[in-house]
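Just the heavy atoms: all of them, side chains too, but no hydrogens, waters or symmetry mates, feed the values below. Letters A, B, ... mirror the listed sequences (proteins, then strands); counts begin at 1.
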2 protein chains.
Amino acid sequence: MLENWFPPGPRPTAAARSSIFIANRLENGDRHLWETALSRGERSWRKGEELAVEGEPPGALHVILEGWVQKYRQLPDGRRQLLGFCLPGQVCDIDLLRRRVHGHTATAIGNLRAAALTRDGLEELLDRCRGLGAALIDADTISAAIQREWLVNVGIRSGRERLAHLLCELYVLQGGDVDRGEVDFPVTQGQLGEALGMTSVHVNRILREFQAEYGAAVQQRRLAISDFGALARRAVFDPAYLGIDSEKPN
Amino acid sequence: MLENWFPPGPRPTAAARSSIFIANRLENGDRHLWETALSRGERSWRKGEELAVEGEPPGALHVILEGWVQKYRQLPDGRRQLLGFCLPGQVCDIDLLRRRVHGHTATAIGNLRAAALTRDGLEELLDRCRGLGAALIDADTISAAIQREWLVNVGIRSGRERLAHLLCELYVLQGGDVDRGEVDFPVTQGQLGEALGMTSVHVNRILREFQAEYGAAVQQRRLAISDFGALARRAVFDPAYLGIDSEKPN
DNA sequence: CGGCTGGTTGAGCGTGGTCAAGTCCAGTGG
DNA sequence: CCACTGGACTTGACCACGCTCAACCAGCCG
């Protein structure tokens, strides 16, 4: 019934081996428990609907199954800063475990499927699934590292470097190929601007340049990069912070 | 012997009740255990010396006793982004508990006294000190919230708002009075620039304006603000994220 | 005393913002 | 099936916030 939300076309590439994706850190037994628990809590959201609202108490831990989530904070005057994305396989509101209220708002970028785990459900699962606790902590640590990298990004990088860096990050997280790869990319130029602290107009201009210079282009909600190495060099991009468990691309 | 590093003069103001300061969250018994443990691990650093180095494995958890620490990440070409400050009473390298290597470098802003807790020492202390685990988690959560606020800061606020916001944050954290208060402030204009993603020249000009407009001035490593309310409004500053456990200043 | 770090100020300039118009496309309803 | 609508993208002209470069000063420490 939900399937028709998602038009036919290329499926997501095989997720990279970053430990930010919980399942990558679970052994077969644990992984099975994890996945059946997820299938039980499945829900869906339409584009723009909220999974969490800043200032409200956390209700459930969400695990993204299909679609992306954006997290942001908004000032009274409407200015908005994106704080991160959640991709399929990531947990979204780890806040559940330690904050009284959410520190950000999370909304669905497009139509979305995710599993909602209540606090009780999660605690029971943690008992049965020995490796899950460590996996959640690892994922949270990597999320924090990414957020720190975003701070570095908007703090000291130029507009071009910033955009290049974010493209590299999202490309590598999804296991994009060094050589002419392509990954999902459902993010608008306006959202890119809100993530990078610049206007969508400027994002557009830079994107146009990157298309010519590195063969990096967003089309049909997919990101293709032909010269990843050059783009990564432009961005001063070092993927170490992503916690990827494999031979690095060079 | 270390005392003469710290010239006579105003002592730090009573720390605010933010849970980022560990002792604020401990009951009397626990607090006593905590403080005696700290006194045992005491060490000192001279201005500029490193407590932690990016990429190296964490050695000890540091609890600041006197002086400030700056945490930063640096790009190969030398550009540097400050990620946060550690004030007396804060823990510094919680990374110890969950990362294989440090994600940032931490150096002493001035001469510094801090307690170093080894991993083993910490684990033993956690056993004996029932409330400590929760206190550490709370402090870590607030640190994360502050870092998120810094991202919002450099992302969407103007230069003036950014600087005003940081001044407010450090003022409130130290329990600064709404009405003509004064707190420690050992940070140079260059460091402010590195924290805010702007040049020291520009920090200087804005600081000059604030002095005239809000009576906010840094002198002798102290920050004085006469019209805190106006400055906070300029900054769109909402102290909720600091986890302060008291009636708010209005 | 001299050197160094940090603060102050000026002149000129460039990255990126603002405002505005117009195009393209997917989704919706007649 | 097609017209309409709204969201996202594109492009241009203009402008300003904040950077760069540079010189100078004040205070501190060796």
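Closest to the side chain of B:R162, out of C:dT9, C:dT18, D:dG18, is D:dG18. Closest to the side chain of B:Q189, out of C:dT5, C:dG7, C:dG10, is C:dG7.
Ring geometry for B:H165 against B:F237 counts as perpendicular: the plane angle is over 60°, on a 0 to 90° scale with 30° as the lower cut.
Taking for each of A:G197 and A:Q220 the nucleotide of DNA chain C with the nearest heavy atom, the 5'-most of the two is the partner of A:G197. Residue B:G190 is the one, among B:G190 and A:R157, whose nearest nucleotide of DNA chain C lies closer to the 5' end (criterion: closest heavy atom). Mapping A:V187 and B:H202 onto DNA chain D via the closest heavy atom, the residue that lands nearer the 5' end is A:V187.
Atom CD1 in B:I109 sits 8.0 Å away from atom OG1 in B:T188 (nearest 0.5 Å).
At a threshold of 4.0 angstrom between heavy atoms, the contacts of B:S200 with the nucleic acid are absent. Residue A:R208 is classed as a sugar-phosphate contact, given heavy-atom separations below 4.0 Å to backbone atoms only.
The pair A:E194-A:R73 does not meet the salt-bridge criterion, since no charged nitrogen lies less than 4.0 angstrom from a carboxylate oxygen.
Taking the ring centre of B:W45 as origin, the terminal cationic atom of B:R43 falls inside the region bounded by 6.0 Å and 45° from the ring axis.
Proximity of B:T188 to the phosphate of C:dG6: no side-chain N or O atom is located under 4.0 Å from OP1 or OP2. For A:N204, no side-chain nitrogen or oxygen approaches OP1 or OP2 of D:dC9 to under 4.0 Å.
In the interface, the side chain of A:R205 is paired with the base of D:dG12 through a donor and an acceptor atom under 3.5 Å apart.
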